[in-house]
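A short write-up of the structure that comes next.
Each chain gets a letter, A, B and so on, in the order its sequence line appears, and its residues count up from 1.
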2 protein chains.
Amino acid sequence: MKNYNNVENCPVRNVIDRIGDKWSMLVLLVLEEGEVMRFSEIHKTIETISQKMLTVTLKALEADGLVSRTVYPQIPPKVEYQLTERGKSLLPHLHSLVGWAVDNMVNIKQSRKEYAAELS
Amino acid sequence: MKNYNNVENCPVRNVIDRIGDKWSMLVLLVLEEGEVMRFSEIHKTIETISQKMLTVTLKALEADGLVSRTVYPQIPPKVEYQLTERGKSLLPHLHSLVGWAVDNMVNIKQSRKEYAAELS
DNA sequence: CGGGATCCTAATAGATACTG
DNA sequence: CAGTATCTATTAGGATCCCG
């Protein structure tokens, strides 16, 4: 049996730590559709994210080399984001997961209801 | 552009809310290897998880119909867990993601270092 | 053995105000 | 416009004790 305890070097933990937060996966999918997008464009597409969390999420994705950030030094400032090659290479796997989610969401919701009903 | 704001019905958000927590993905992968496992066996395999979080995680997976739970009413109690068909159907997609993580982990770590160095 | 109940802390996320 | 800084609320997670 494999060793699942070394969090530091475990690729499983490594990948879910990055995309498993509240917004990263969503931002990646939005950037895939938009190709090149300004900060405010992303924000408009995901209205429910706060400005702070969008900043934090983009910085984390940038640090991992999944998203590139281009600053145009003008006033008012203009900053563009787009997927890097590494970021693009991740997307098929995300879509695979999303596809499964779409196919199973209805049944899962039903299971949750039944499970909750059993407890009462 | 798609609507990414309805969290309740968004399959993306739905799937990451389930597998994006600290332990779910790991438990699913362990159960795949072990096939049928008792609570204590899973706990031994993932030493770093607390008893409480293993309980919470297994309950959530059970509620979603990804894992089945069989109780043998004896003393001391014996409880066995295994993947359901739905759980098994999710695993290829997780492996797809893990594969990507393995391939890219080294480069990502390097990117993080460089990014951190730029800030100083 | 497989939890449940309780308490506590740390990490995460949101609101708001401010700025080059 | 694209953030930063600060503060607060919420949540996830861990430690400990208990019980059939």
- Is there a side-chain contact between A:Val98 and A:Met25 (heavy atoms, below 4.5 Å)? yes

- Task: Please check if B:Leu26 and B:Val102 belong to a single hydrophobic cluster, counting links between Ile, Leu, Val, Met, Phe, Trp and Tyr side chain heavy atoms closer than 4.5 Å.
- Result: yes

- Message: Is any side-chain heavy atom of A:Leu58 closer than 4.5 Å to one of A:Glu62?
- Response: no

- Task: Would you confirm whether B:His43, through its side chain, and B:Ile49, through its main-chain N or O, come within 3.5 Å as a donor-acceptor pair?
- Result: yes

- Task: Tell me whether the OP1 or OP2 atom of D:dA2 has a side-chain N or O from A:Arg38 closer than 4.0 Å.
- Result: yes

- Query: Rounding to a whole Å, what distance do you find between B:Met37:CE and C:dC1:P?
  - Reply: 15 Å

Produce the list of close N/O pairs, under 3.5 Å, pairing protein atoms with atoms of nucleotides 13-17 of chain D; give distances to one decimal.
| residue | atom | partner | partner atom | Å |
| --- | --- | --- | --- | --- |
| D:dG13 | OP1 | B:Lys22 | N | 3.3 |
| D:dG13 | N7 | B:Lys52 | NZ | 3.3 |
| D:dG14 | OP1 | B:Lys22 | NZ | 3.2 |
| D:dG14 | N7 | B:Lys52 | NZ | 3.2 |
| D:dG14 | O6 | B:Lys52 | NZ | 2.2 |

- Message: In this structure, how many angstroms lie between the P atom of C:dA13 and the CD1 atom of A:Ile46, rounded?
- Response: 13 Å

- Looking at residues at least two apart in the chain, or sitting in another chain, which of them share a side-chain hydrogen bond (donor to acceptor under 3.5 Å, both in side chains) with B:Glu41? none

- What's the CD-C1' distance between B:Glu41 and C:dG3, to the nearest Å? 16 Å

- Message: Grouping I, L, V, M, F, W and Y whenever their side-chain heavy atoms are under 4.5 Å apart, do A:Tyr115 and B:Val79 come out in a common cluster?
- Response: no

- Query: Can a side chain N or O of A:Ser40 be found less than 4.0 Å away from OP1 or OP2 on D:dA2?
  - Reply: yes

- Message: Less than 4.5 Å apart, side chain to side chain, heavy atoms only: is that true for A:Leu31 and A:Met37?
- Response: yes

- Item | A:Met53 side chain reached by A:Lys22 side chain, heavy atoms, under 4.5 Å | no

- Query: Side-chain heavy atoms under 4.5 angstrom apart, residues restricted to Ile, Leu, Val, Met, Phe, Trp, Tyr: same cluster for B:Ile19 and A:Leu91?
  - Reply: yes

- Query: Honestly, is A:Arg13 close enough over B:Trp23, meaning NZ or CZ under 6.0 Å from the six-membered ring centre and within 45° of the axis?
  - Reply: yes

- Query: Ion pair present between A:Glu85 and A:Lys88, side-chain N to carboxylate O less than 4.0 angstrom?
  - Reply: yes

- Query: Does B:Lys52 reach the side chain of B:Val56, with side-chain heavy atoms less than 4.5 Å apart?
  - Reply: yes

- Residues touching DNA chain C, which here means a heavy atom under 4.0 Å, drawn from residues 72-82 of chain B: B:Pro76, B:Pro77, B:Val79, B:Tyr81

Using a 3.5 Å cut-off and no angle test, enumerate the donor-acceptor pairs between side-chain atoms of residues 69-76 of chain A and protein atoms at least two apart in sequence or in another chain.
| residue | atom | partner | partner atom | Å |
| --- | --- | --- | --- | --- |
| A:Arg69 | NE | A:Tyr81 | OH | 3.2 |
| A:Tyr72 | OH | A:Glu80 | OE1 | 2.9 |

- Using a heavy-atom distance cut-off of less than 4.0 Å, which residues of residues 56-70 of chain A contact DNA chain D? A:Lys59, A:Arg69

- Message: If the helix axis at each end comes from five base pairs, how far does the helix from C:dC1-D:dG20 to C:dG20-D:dC1 deviate from straight, to 10°?
- Response: 50°

- Atom pair distance, as rounded to whole Å: CG in A:Leu54 and C1' in C:dA15: 16 Å

- Message: Could you tell me how far apart A:His43 (NE2) and C:dG14 (C1') are, to the nearest whole angstrom?
- Response: 11 Å

